[in-house]
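Heads up: the structure comes next, in structure tokens.
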Amino acid sequence: MSVSAEIDRWLRRFHPGPPDAPRLVCFPHAGGAASSYLPMSKALSSVAEVQAVQYPGRQDRRAEPAHRSIAPLADRIAELLVPLTDRPLAFLGHSMGAIVGFEVIRRLAAAGEPVPFVLFASGRRAPSAERFETVHRRDDAGFLREMRELGGTDPRVLTDPELVEMVLPPTRADYQAIETYRAPRDAVISTAVVAMVGDSDPKVTLAEAELWREHTTGSFELKVFPGGHFYLIDQQGAVVATVAAGLAAARDARPTP
């Protein structure tokens, strides 16, 4: 498979964006797909070229095994993003996606490649803020209960046996990947970080989100929104405004190693 074909398999561009705009690479949550960023891509199409990552194991890639570890997933994405560093990059990741984005940045930096000028880390505690979680080990009923409680998944999907059969394996694999992830305490990037969190998110406290400050030598901001783990669904307008402002503040940035 050619490099361009492989990039097309992993990255989805729903809207072209301005030719001189930064590229905003979006990383989905556990169980999520690139299409979850379709509304954001449309909303930001005047200020960015949005590229949404499509992890293996879902939608048109459902025949491929989903990754059960963050490291190989980040390894592959970092390799494929190198050709896209010809213009300024920005990353946005929600929940597990924030960690995947963070690890991709670490790999780009280690390889001497240009790194994003900003990481919008949404709905995820800082890499060093560890919790002992074993949701991926639950039986199907317990796992589906977790998905219902967090929201973010159409309830009709979770009551349809055929759809559950498709959704459950990749989502469980994603949960295993993020629940077994451990970052070095001194893992630091030079990319600016904007941590975004819902004020009633059961998966991350404000203090845990604030700890992202310790993982960057660049600037840091904490943005708090009303809502739970999937606050960005109900607060889409405010989230888009925050991201657009963050991109505009660094619109003159150029990728640097």
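Side-chain atoms of Val53 and Pro28, non-hydrogen and from C-beta on, do get closer than 4.5 Å to each other. Contact of the Arg148 side chain with the Leu144 side chain is registered, since non-hydrogen atoms from C-beta on lie closer than 4.5 Å. In this structure, Glu162 and Met166 have side chains that are not in contact, with every pair of non-hydrogen atoms separated by 4.5 Å or more. At least one side-chain heavy atom of Pro116 sits less than 4.5 Å from a side-chain heavy atom of Leu108. Counting heavy atoms from C-beta on, the side chains of His94 and Tyr231 come closer than 4.5 Å.
Side chain of Arg107 to main chain of Glu103: a donor-acceptor pair is present (N/O by atom type, distance under 3.5 Å, no hydrogens or angles). Side-chain N or O atoms of His136 include none that pairs as donor or acceptor with a backbone N or O of Ile178 at under 3.5 Å. Put simply, the side chain of Arg61 gets close to the backbone of Gln54: a donor and an acceptor are under 3.5 Å apart. In this structure, the side chain of Asp174 does not engage the main chain of Arg68 through any donor-acceptor pair within 3.5 Å. Of the possible donor and acceptor atoms, one in the side chain of Glu208 sits under 3.5 Å from a partner among the backbone N and O of Thr205. Between the Arg172 side chain and the Arg138 main chain, a donor and an acceptor come within less than 3.5 Å of each other. Listed for the Arg124 side chain is no donor-acceptor partner under 3.5 Å among the backbone atoms of Gly97. A distance-only check finds no donor-acceptor pair linking the side chain of Trp212 to the backbone of Met196 [under 3.5 Å]. At distances below 3.5 Å, at least one donor-acceptor pair connects side-chain atoms of Glu179 with backbone N or O atoms of Val135. Checking side-chain atoms of Ser122 against main-chain N and O of Gly93 turns up no donor-acceptor pair under 3.5 Å.
Taking the six-membered ring for Trp and the full ring otherwise, Phe220 and His215 have centroids separated by 6.0 Å or more.
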Handout entry: Glu133 and Arg125: CA distance, side-chain angles, deciding distance, salt bridge (Lys or Arg N to Asp or Glu O under 4.0 Å) verdict
Key = CA-CA 13 Å; Glu133 295 178 316; Arg125 56 192 178 272; 2.9 Å; yes
Practice task
List the steps and the verdict of salt bridge (Lys or Arg N to Asp or Glu O under 4.0 Å) for Arg87 and Asp20.
Solution key: CA-CA 8 Å; Arg87 67 168 77 175; Asp20 58 346; over 6 Å; no
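Grouping Ile, Leu, Val, Met, Phe, Trp and Tyr residues whose side-chain heavy atoms lie under 4.5 Å apart, directly or via other members, leaves Val188 alone, with no other cluster members.
Here the options are Pro16, Ser45, Cys26, the test is side-chain contact (heavy atoms from CB on, under 4.5 Å), and the partner is Val50; only Cys26 passes.
For the atom pair Arg13 CZ and Ile7 CD1, the distance stands at 12.0 Å (nearest 0.5 Å). Rounding to the nearest 0.5 angstrom, the gap separating the CG atom in Leu89 from the OG1 atom in Thr191 is 9.5 Å.
For residues 23-37, every residue pair satisfying the side-chain hydrogen bond (donor to acceptor under 3.5 Å, both in side chains) rule, not counting sequence neighbours, is listed here: Arg23-Glu49, Arg23-Asp86, Ser35-Gln59.
Residue-environment remark: NZ (Lys203) exceeds the threshold of 12 foreign heavy atoms within 6.0 Å.
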